[in-house]
Amino acid sequence: MEHSDEWDTLVERISENSYGVHIEPNKISLKVEDAEEDWDAPDVVIRRAGEEWIQIDRPFARADKVDLRAVLTKVGSTGTIGGLVVVGEDIMLRHALLLADALEPDDDYDDAFQYERPLDGIVNAARLLGRQLAGHDDDF
């Protein structure tokens, strides 16, 4: 997949404004700290999905450790726009966004971009679901 100016700009913005950033050619991983808990929170990942899209993913539980019906019932109450997927053994929240839109200014907040709101939503919803349904998922 070719790099675009938009992808490079997104990488630069996230690198400048985020903690624990790890960059790969088509993927940005961000370390997430849940300071009030003693568990190792999984990274949130922003990856390219084709030339025009990005996906924001964060796992919150192992598929074999939670009640899937409870997960599906609870995920609707998070307010997070996006989807729920199983990748390997992990249950993840996912949000897709046009790369061009991700870099647009957020009219509601100064110095913020459109990718920031769904990124925060995915991080917070995964944190909440992990606590409520996976007991912080200490084995994660």
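Numbering starts at 1 and runs along the sequence shown. In what follows, every heavy atom counts, from backbone to side chain, and hydrogens, waters and symmetry copies are set aside.
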Chemist: May I have all residue pairs that pass salt bridge (Lys or Arg N to Asp or Glu O under 4.0 Å) and include part of residues 66-78, sequence neighbours excluded?
Modeler: none

Chemist: First locate atom NE2 of His22, then atom NZ of Lys31, and finally report the distance between them rounded to the nearest 0.5 Å.
Modeler: 12.5 Å

Chemist: Should side-chain heavy atoms under 4.5 Å link Ile, Leu, Val, Met, Phe, Trp and Tyr, which residues sit in the same cluster as Leu128?
Modeler: none

Chemist: State, yes or no, whether a side-chain contact exists between Trp53 and Leu99 at a heavy-atom distance under 4.5 Å.
Modeler: no

Chemist: Could you tell me which non-hydrogen atom of Glu116 sits nearest to which non-hydrogen atom of Asp111, and how far apart they are?
Modeler: OE2-O, 4.1 Å

Chemist: With Asn124, which residues qualify under side-chain hydrogen bond (donor to acceptor under 3.5 Å, both in side chains), at least two apart?
Modeler: Arg127

Chemist: Are any of the side-chain heavy atoms of Ile91 and Pro59 separated by less than 4.5 Å?
Modeler: no

Chemist: For the CG atom of Leu129 and the CZ atom of Arg131, what is their distance to the nearest 0.5 Å?
Modeler: 11.0 Å

Chemist: Using 0.5 Å steps for rounding, measure from the NZ atom of Lys65 to the CG atom of Leu133.
Modeler: 15.0 Å

Chemist: Table please: side-chain donor-acceptor pairs of residues 100-107 below 3.5 Å, with sequence neighbours left out.
Modeler:
residue: Asp106; atom: OD1; partner: Asp108; partner atom: N; Å: 2.9
residue: Asp106; atom: OD1; partner: Arg117; partner atom: NH2; Å: 2.8
residue: Asp106; atom: OD2; partner: Arg117; partner atom: NE; Å: 3.3
residue: Asp106; atom: OD2; partner: Arg117; partner atom: NH2; Å: 2.8

Chemist: Report yes if some heavy atom in the side chain of Val11 is under 4.5 Å from a heavy atom in the side chain of Val21; otherwise report no.
Modeler: no

Chemist: So for atom CG, which belongs to Asp64, do other residues, nucleotides or ligands contribute more than 12 heavy atoms lying within a distance under 6.0 Å?
Modeler: yes

Chemist: Is any side-chain heavy atom of Arg13 closer than 4.5 Å to a side-chain heavy atom of Thr9?
Modeler: yes

Chemist: Test side-chain contact (heavy atoms from CB on, under 4.5 Å) on Val71 and Leu84 and set out the steps.
Modeler: CA-CA 9 Å; Val71 169; Leu84 185 68; 3.6 Å; yes

Chemist: Is there a side-chain contact (heavy atoms from CB on, under 4.5 Å) between Val44 and Ile56? Walk through the geometry before answering.
Modeler: CA-CA 7 Å; Val44 62; Ile56 304 169; 3.8 Å; yes

Chemist: Is Tyr109 isolated, or which residues cluster with it under the ILVMFWY side-chain rule of less than 4.5 Å, directly or via members?
Modeler: none

Chemist: What are the two closest non-hydrogen atoms of Ile23 and Ile28, and how far apart are they?
Modeler: CD1-CG2, 3.7 Å

Chemist: Can you name the side-chain contact (heavy atoms from CB on, under 4.5 Å) partners of Val87, sequence neighbours left out?
Modeler: Val85, Met92, Arg94

Chemist: Quick one, Leu93 and Asp57 - any side-chain contact, counting heavy atoms below 4.5 Å?
Modeler: no

Chemist: What's the spacing between Ser18 OG and Leu119 CG if we round to 0.5 Å?
Modeler: 7.0 Å

Chemist: Could you tell me the separation between the CZ atom of Arg48 and the CD atom of Glu6, rounded to the nearest 0.5 Å?
Modeler: 9.0 Å

Chemist: Sequence neighbours left out, what passes side-chain contact (heavy atoms from CB on, under 4.5 Å) with Val45? Give chain and number order.
Modeler: Lys27, Ser29, Arg47

Chemist: So do the side chains of Phe60 and Asp90 get within less than 4.5 Å of each other, counting heavy atoms only?
Modeler: no

Chemist: So do the side chains of Trp7 and Ile54 get within less than 4.5 Å of each other, counting heavy atoms only?
Modeler: yes

